[in-house]
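Heavy-atom basis, side chains included; hydrogens, waters and symmetry copies ignored. Chain identifiers are assigned alphabetically (A, B, ...) following the order of the sequence lines, protein sequences preceding nucleic acid strands; residue numbering begins at 1 within each chain.
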Number of protein chains: 2
Amino acid sequence: MGRGRSELLSGTLDLLILKTLSVGVLHGYGIAQHIRRLSSDALRVEEGSLYPALQRLQAKGFATSEWKRSPTGRQARYYRLTAAGRRQLGLEESSFLDSVAAITRVLRRAEP
Amino acid sequence: MGRGRSELLSGTLDLLILKTLSVGVLHGYGIAQHIRRLSSDALRVEEGSLYPALQRLQAKGFATSEWKRSPTGRQARYYRLTAAGRRQLGLEESSFLDSVAAITRVLRRAEP
DNA sequence: CACCTATACATAGATGTGACAGGTATAGGG
DNA sequence: CCCTATACCTGTCACATCTATGTATAGGTG
């Protein structure tokens, strides 16, 4: 026993990505680093989850992307939040907080 | 897709059921009512989700069940938490709280 | 009987993971 | 100078897991 990190709650990946992109334009690798760093290494976004998620977000019109040269000199696909994506972020954020509040209520009040 | 009223965060259903059963022995319908009531109607556990979940929990040894006559006179399958189920409840509860804390950290610190 | 409650299941759909397979720039040793 | 090691960076696939939807059934009640 004794891994320190927690698994990603299903359904929160899109929210985390949208939130991260609301800070600025980033490439995929940078998004993963950002989430991992801000969560103090508790949340790790795997490649196999990240890139499909970015494709979903683009398909829904919540993000756009373009190839650009990164500061390190190499090409990378940079993602940018759209206006619809920003609206979606607001929706998902409050929906997440509502759900957590409801579950927490059950956890507290169900004490024997 | 979501008609957004009572969506359940994925991965929390087992936790909610385990917690509810920790209060006492209940039948499926009663579990759903309990969760719905404690969450002030915010969380609705659908039958189609509930019964497969109860079977999973039994298959993993976290719950047992037996047919009994309910106070209203009819037969119902009553579910009871096992010792392993109680341990699992502790694990899932703290894991859930950790995850929520980590995500909340990202949501707060990612502000532009 | 008609209706509501309660239990159960089968299928479909979405999502996250791990393993893998690339491709490119920079640093440092030979 | 050239070569290779090492980070960086993007993507795909098979797979397991979980949940919603829709359907089936049986018992009790008015």
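You'll find that the side chain of B/Leu8 is closest to D/dA20, out of C/dA25, D/dA20, C/dA8. Here the side chain of B/Tyr79 is nearest to one of C/dA8, D/dT10, C/dT7, namely C/dA8. Set against C/dG23, D/dG11, C/dA8, the side chain of A/Gln55 has D/dG11 as its closest nucleotide. With distances taken from any side-chain atom of B/Tyr29 to the nucleotides D/dT10, C/dA8, C/dT7, the minimum falls on C/dT7. Of the candidates C/dT24, C/dT7, D/dT19, the closest approach to any side-chain atom of B/Ser10 belongs to D/dT19. Closest to the side chain of A/Arg74, from the set C/dA8, D/dC18, C/dG23, is C/dG23. Nearest to the side-chain atoms of B/Asp14 among the listed nucleotides D/dT10, C/dA25, D/dT19 stands D/dT19. Which of D/dG11, D/dT19, C/dT17 sits closest to the side chain of B/Ser49 comes down to D/dT19.
With hydrogens and angles disregarded, a donor-acceptor distance shorter than 3.5 Å links the side chain of A/Arg105 to the backbone of B/Ser39. Of the possible polar contacts, none joining the B/Ser95 side chain to the B/Glu92 backbone as a donor-acceptor pair under 3.5 Å is found.
An OP1 or OP2 oxygen of C/dG16 is reached within less than 4.0 angstrom by no side-chain nitrogen or oxygen of A/Arg44. Close to C/dA8, at under 4.0 Å from its OP1 or OP2, lies a side-chain N or O of B/Arg77.
Between A/Glu47 and A/Gly73, the residue anchored nearer the 5' end of DNA chain C, judged by the nucleotide with its closest heavy atom, is A/Glu47. With DNA chain D read from its 5' end, the first of the two nearest nucleotides for A/Ser70 and A/Gly48 is the one closest to A/Ser70.
Screening B/Tyr79, B/Trp67, B/Tyr78 against B/His27 for a ring-ring contact (aromatic ring centres under 6.0 Å, His included) leaves a single residue, B/Tyr78. When B/Leu91, B/Leu9, B/Leu89 are each tested for a side chain to side chain contact (heavy atoms under 4.5 Å, CB included) with B/Leu15, only one passes: B/Leu89.
Across all strands shown, A/Arg56 has heavy atoms under 4.0 Å from sugar-phosphate atoms exclusively, and none from any base. At the heavy-atom level, A/Leu50 lies nowhere under 4.0 Å from the strands shown.
Separation of the P atoms belonging to D/dC8 and C/dA21 is 23 Å when rounded to the nearest angstrom.
For the pair B/Leu50 and B/Ile17, the minimum side-chain heavy-atom distance is below 4.5 Å.
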